[in-house]
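Comments concern the structure below.
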Amino acid sequence: MTREKSTYSVQTVEKALDLLDALADEVPPATLPNLSGRLGLSRNKVFRLLATLESRGLVEREEGSGVYRLGVSSVALAQRFINSASIIKHAHPVMEELVRKHDEAVYLTVLLGDEVLFLDMVDCWQNVKTTPMVGKKFPFFTNAAGKVLKALESQEILERLFKRRGRRKDLPDMEMLGSELTAIREKGVAVEQGGLGEGVVTVAVTIRDYAGKVIGALAMLGPSFRMLSDRIENEIIPSLQEGAEVLSMKFGYAPI
């Protein structure tokens, strides 16, 4: 006799996973009342779940504010999963070749909601280099990788983002961002200066799968005194596009 998979689900485990999902979103602030309302559970039940996850290092509580966040163990668990993911296995040799050619740091990035996650990197041999960013997340509109990944999404999605985040000072002008994303979509590449730190230039192109869906981006980072406009246009962009095409073909993408 066979049963549906849902028959075997354990409700407490499902709620714990829902709680971890909510903590990963970080919107609104993950306080006990907010988490209780979002999950539709009593505060007492949410507190017990949080206490259990906290005891295993999967959740951490910020003293004073009462805000909960994903703990170190969650990050370590995610990193073990990431290291076995096929996209990294396929991307790493391509990234190594780009670094050998240009001697600048190259990252593999993916989009998580409205943020870009820096999954993997191959560093350069330069004496002056950017701070490693593997495992870090940034709002998509702060950097080239996030913008090139978001460029294919509609204006409606952009409007929902601004509505959800309210009148935060870190948000760019929506009209200007929309125009920039349109230009990025037409060109197929994004270039950003200063979004990830003063004097840091980022260049990024997308990776696609067999259906043409964007599944990630290759990004090259370097200081502005090396990442000059002529070098970016004539050397770096063509190399990144070639590398992204090779990587996309590994996922079945067929360029038109």
Side-chain angles (χ1 to χ4, degrees), residues 91 94-153 155 157-158 161-162 165 167-207 214 216-245 247:
V94 174
M95 295 161 64
E96 288 176 331
E97 180 59 32
L98 287 167
V99 173
R100 278 194 293 269
K101 187 173 183 180
H102 299 286
D103 200 11
E104 300 291 354
V106 176
Y107 286 84
L108 172 66
T109 67
V110 294
L111 200 61
L112 295 177
D114 296 327
E115 295 181 310
V116 60
L117 172 65
F118 283 63
L119 273 182
D120 190 26
M121 79 168 292
V122 177
D123 208 352
C124 62
W125 299 278
Q126 301 277 5
N127 290 327
V128 179
K129 59 180 72 177
T130 58
T131 303
M133 297 181 181
V134 173
K136 295 184 179 181
K137 295 188 296 182
F138 302 92
F140 82 88
F141 49 80
T142 64
N143 59 90
K147 288 177 180 178
V148 81
L149 288 167
K150 273 285 189 180
L152 294 178
E153 296 192 358
Q155 181 71 14
I157 291 175
L158 201 60
L161 162 67
F162 277 73
R165 288 182 174 244
R167 298 181 177 274
R168 285 175 45 172
K169 293 181 179 180
D170 63 339
L171 287 175
D173 179 82
M174 188 174 73
E175 188 173 336
M176 290 181 62
L177 179 59
S179 297
E180 185 180 3
L181 293 180
T182 298
I184 290 170
R185 181 167 59 248
E186 292 173 353
K187 190 174 182 181
V189 61
V191 180
E192 177 74 31
Q193 181 163 343
L196 293 176
E198 185 177 355
V200 177
V201 176
T202 312
V203 185
V205 298
T206 55
I207 305 160
V214 173
L218 288 176
M220 185 175 290
L221 274 67
S224 57
F225 67 84
R226 289 201 306 264
M227 301 285 277
L228 302 175
S229 297
D230 285 349
R231 185 185 180 214
I232 289 172
E233 290 295 329
N234 299 321
E235 300 176 23
I236 291 174
I237 289 177
S239 285
L240 279 176
Q241 289 176 327
E242 182 181 353
E245 185 173 317
L247 184 51

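Along the sequence shown, residues carry numbers from 1.
Residues in residues 218-238 take part in no ring-ring contact (aromatic ring centres under 6.0 Å, His included) pair, two or more places apart or across chains.
Using a distance-only test at 3.5 Å, with no hydrogens or angles considered, no donor-acceptor pair links the side chain of Lys129 to the main chain of Ala105.
Rounded to the nearest 0.5 Å, atoms CZ (Arg185) and NZ (Lys150) are 13.0 Å apart. Distance check, rounded to the nearest 0.5 Å: OG1 of Thr206 to CD of Gln241 gives 9.0 Å.
In this structure, the side chains of Arg231 and His102 come closer than 4.5 Å at one or more pairs of heavy atoms. Within the 4.5 Å cutoff, the side chain of Arg226 has heavy atoms near those of the Val128 side chain. Residues Glu192 and Glu180 are in side-chain contact: their nearest non-hydrogen atoms beyond the backbone lie under 4.5 Å apart. The closest side-chain heavy-atom distance from Phe118 to Thr109 is below 4.5 Å. Contact check for Val205 versus Val148: no side-chain heavy atoms found under the 4.5 Å cut-off. Between Lys147 and Leu177 the shortest side-chain heavy-atom distance falls below 4.5 Å. Side-chain atoms of Ile207 and Leu108, non-hydrogen and from C-beta on, do get closer than 4.5 Å to each other. Tyr107 has its side chain within reach of Leu221: a pair of non-hydrogen atoms, C-beta onward, lies under 4.5 Å apart.
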Exercise for the section: Go through the steps for Trp125 and Val99 under the test side-chain contact (heavy atoms from CB on, under 4.5 Å), then give the verdict. Expected result: CA-CA 9 Å; Trp125 299 278; Val99 173; 3.8 Å; yes

Problem - Test log, rule side-chain contact (heavy atoms from CB on, under 4.5 Å), inputs Phe140 and Leu149 - result: CA-CA 8 Å; Phe140 82 88; Leu149 288 167; over 6 Å; no

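Looking at residues two or more places apart in sequence or on another chain, you find no side-chain hydrogen bond (donor to acceptor under 3.5 Å, both in side chains) involving Glu242. Residues forming a side-chain hydrogen bond (donor to acceptor under 3.5 Å, both in side chains) with Asp103 (at least two apart in sequence, or on another chain): Gln126.
The only option from Val203, Ile236, Ile184, Leu240 that meets the side chain to side chain contact (heavy atoms under 4.5 Å, CB included) definition with Val189 turns out to be Val203. Partner of Thr202 under the side chain to side chain contact (heavy atoms under 4.5 Å, CB included) criterion, chosen from Val191, Leu196, Thr130, Thr142: Leu196. When each of Leu228, Ile232, Asn234 is tested with Asp230 by the rule side chain to side chain contact (heavy atoms under 4.5 Å, CB included), just one qualifies, namely Asn234.
Nearest heavy atoms, Glu115 versus Leu111: O-CD1, 3.3 Å. Looking at every heavy atom in both residues, Thr131 comes nearest to Lys136 through CG2-NZ, 4.4 Å. Residues Val94 and Leu218 come closest through the heavy atom pair CG1-CD1, 4.2 Å.
One finds a salt bridge joining Lys187 and Glu233 here, because a Lys/Arg side-chain nitrogen approaches an Asp/Glu carboxylate oxygen to under 4.0 Å.
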